[in-house]
Protein chains: 2
Amino acid sequence: MISPLEVFRTYIKEKGLRNTPERETIIREIFSVHDHFDVDELFLRMRDQKSKIAKASIYRAIPLLIESGLIKEAFFEDGHLHYEPIYGHSRHCHLRCICCGKVVEFVEEEMDNIVDRLAKEYHFNILDHRLDFTGYCAECNNKMNDQDNVDTKELL
Amino acid sequence: MISPLEVFRTYIKEKGLRNTPERETIIREIFSVHDHFDVDELFLRMRDQKSKIAKASIYRAIPLLIESGLIKEAFFEDGHLHYEPIYGHSRHCHLRCICCGKVVEFVEEEMDNIVDRLAKEYHFNILDHRLDFTGYCAECNNKMNDQDNVDTKELL
DNA sequence: ATTGTTATTGTAAATTAATTGCAATAAGAA
DNA sequence: TTCTTATTGCAATTAATTTACAATAACAAT
């Protein structure tokens, strides 16, 4: 499988841009963890590894990483955007606990059928979708119910 | 059916807060259109109607409107959050054209089944979900393909 | 290899969305 | 009508993101 770096180099060449060690460091850092991130977090992770890349360079790289298909916007939370790697990742959805912030990722097979059906029905060329669920995870739900003296064991 | 205003008044009373004409004006404006909005747009719409409500008051009202179940965050775009009325609206998903910005709303019946299945599988108390599709609408898709001299009539 | 063009970088300043401090006002209970 | 204090408008603040600019460095052409 082509590495994220190679994908990016190809994209850069196609666009007539220039590749830089800074951008490659950013990509390496993102794909060394394979998980959601935000700009500040990524900046700090890279600084921990002696990288002196400016935050502005991360902000400037992100549209290119999206355009080249390496990452995408995941969600807006805590006043800023969060991203996630998508290259080499199967399309997944999120289940997020609004109490503790825990995120469960899963692949929903049914989505392909829905996409096909919608594309036909609404004459759309559907390229992407975002499916996120929010609620309370079992732990938080139980914690709350213990406090409220409500019995909701049926959840577990 | 109970009006959005009544729902809000009940919520305010429950919480021991105070209702104000400003908040009622905001709610009336939102539910006079029944469509997505952002703070700035809402502010301008209200100013057009001689209302002198400060933008800060809109920002301060929004968490209450969400808490009371009248509206919810719809999506983050163009650098800021967009909201949509949900009270009196059936749960719907979005199909958004990334070219012209057109938004098609639809109700996806299958979602209830998916929610039930996920709740069991992951032991989550799922309260809400967000399902958005992005791509090109038929018109934009054809426009692009005309330019590219590519035949994709199969979409229509 | 060397050179020349110009995209990219780091820094700092600017911009924009959203929040907050504060004094004046007004909602709603007494 | 009075009192308490939540809410308002305004202005200042905070935080995320973008941008101006001079220095640097990619990379195509020599």
Side-chain angles (χ1 to χ4, degrees), chain A residues 5-6 8-29 36-47 49-68 71-83, chain B residues 5-6 8-30 36-47 49-68 71-84:
Chain A
L5 246 65
E6 281 307 325
F8 188 71
R9 287 182 190 132
T10 303
Y11 166 80
I12 285 293
K13 193 154 286 176
E14 261 175 14
K15 289 278 176 178
L17 301 173
R18 294 175 188 171
N19 199 8
T20 66
E22 286 82 1
R23 289 172 179 171
E24 300 218 339
T25 304
I26 291 167
I27 293 168
R28 250 187 248 104
E29 181 56 41
H36 301 91
F37 64 92
D38 57 52
V39 170
D40 198 60
E41 179 194 327
L42 187 61
F43 174 71
L44 294 175
R45 264 162 57 188
M46 290 173 58
R47 213 184 43 181
Q49 300 176 27
K50 322 289 181 220
S51 168
K52 297 208 188 324
I53 294 171
K55 210 180 272 189
S57 295
I58 301 179
Y59 277 112
R60 281 188 282 229
I62 280 181
L64 303 177
L65 303 186
I66 292 176
E67 264 267 312
S68 61
I71 68 171
K72 72 167 184 174
E73 288 182 9
F75 49 85
F76 182 86
E77 205 173 68
D78 300 323
H80 57 266
L81 277 165
H82 296 246
Y83 304 89
Chain B
L5 247 66
E6 282 306 326
F8 188 70
R9 287 182 190 132
T10 303
Y11 166 80
I12 285 294
K13 193 153 286 177
E14 261 174 15
K15 288 278 176 176
L17 302 173
R18 293 176 188 169
N19 199 8
T20 66
E22 286 83 0
R23 289 172 178 170
E24 300 218 339
T25 303
I26 291 168
I27 293 167
R28 250 187 249 104
E29 181 57 42
I30 291 171
H36 301 90
F37 64 92
D38 57 52
V39 170
D40 199 58
E41 179 194 327
L42 187 60
F43 174 71
L44 294 176
R45 263 161 58 188
M46 291 171 60
R47 213 184 43 180
Q49 300 176 28
K50 321 286 181 222
S51 167
K52 297 207 189 323
I53 294 171
K55 211 180 272 187
S57 296
I58 301 179
Y59 277 113
R60 282 188 281 229
I62 281 180
L64 302 178
L65 302 186
I66 292 176
E67 265 268 312
S68 60
I71 68 171
K72 73 167 185 174
E73 287 181 11
F75 49 84
F76 184 85
E77 205 173 69
D78 300 322
H80 58 266
L81 276 165
H82 296 247
Y83 304 89
E84 66 183 2

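Residue numbers start from 1 in every chain, and the chains themselves are labelled A, B, ... in the order their sequence lines are given, proteins ahead of strands.
- Put simply, A:Thr20 has a side-chain N or O that comes within less than 4.0 Å of OP1 or OP2 on C:dT9.
- Rounded to a whole Å, the CG atom of B:Asp78 is 15 Å from the C1' atom of D:dT18.
- Residue A:Tyr59 places none of its side-chain N or O atoms closer than 4.0 Å to OP1 or OP2 of D:dT18.
- Within 4.0 Å (heavy atoms only), A:Pro21 reaches sugar-phosphate atoms of the nucleic acid but no base atom.
- Comparing C:dT9, D:dG9, C:dT19 against the side chain of A:Ser57 picks out C:dT9 as the nearest.
- Mapping B:Ile12 and B:Leu81 onto DNA chain C via the closest heavy atom, the residue that lands nearer the 5' end is B:Leu81.
- Rounded to whole Å, the distance from CG on B:Leu64 to C1' on D:dA6 is 11 Å.
- Among the protein residues, B:Asn19 comes within range of the sugar-phosphate backbone only, with heavy atoms under 4.0 Å from sugar or phosphate atoms but none that close to a base.
- At a threshold of 4.0 angstrom between heavy atoms, the contacts of B:Arg23 are confined to the sugar-phosphate backbone, with no base atom among them.
- Across all strands, A:Lys55 comes closer than 4.0 Å to no nucleic acid atom at all (heavy-atom distances).
- Atom CD1 of A:Ile62 and atom P of D:dA16 are 13 Å apart (whole Å).
- Residue whose closest nucleotide on DNA chain D sits further toward the 5' end, between B:Ile53 and A:Phe76: B:Ile53.
- Across the interface with DNA chain D, nearest-nucleotide mapping of B:Gly16 and B:Lys52 shows B:Gly16 to be the residue nearer the 5′ end.
- Going from atom CZ of B:Arg60 over to atom P of C:dT25 covers 16 Å, rounded to whole Å.
- Relative ring orientation between B:His36 and B:Phe75 is described as tilted, the plane-to-plane angle lying within the 30° to 60° band.
- No hydrogens or angles were tested; on distance alone, a donor-acceptor pair under 3.5 Å links the side chain of A:Arg18 to the base of C:dT6.
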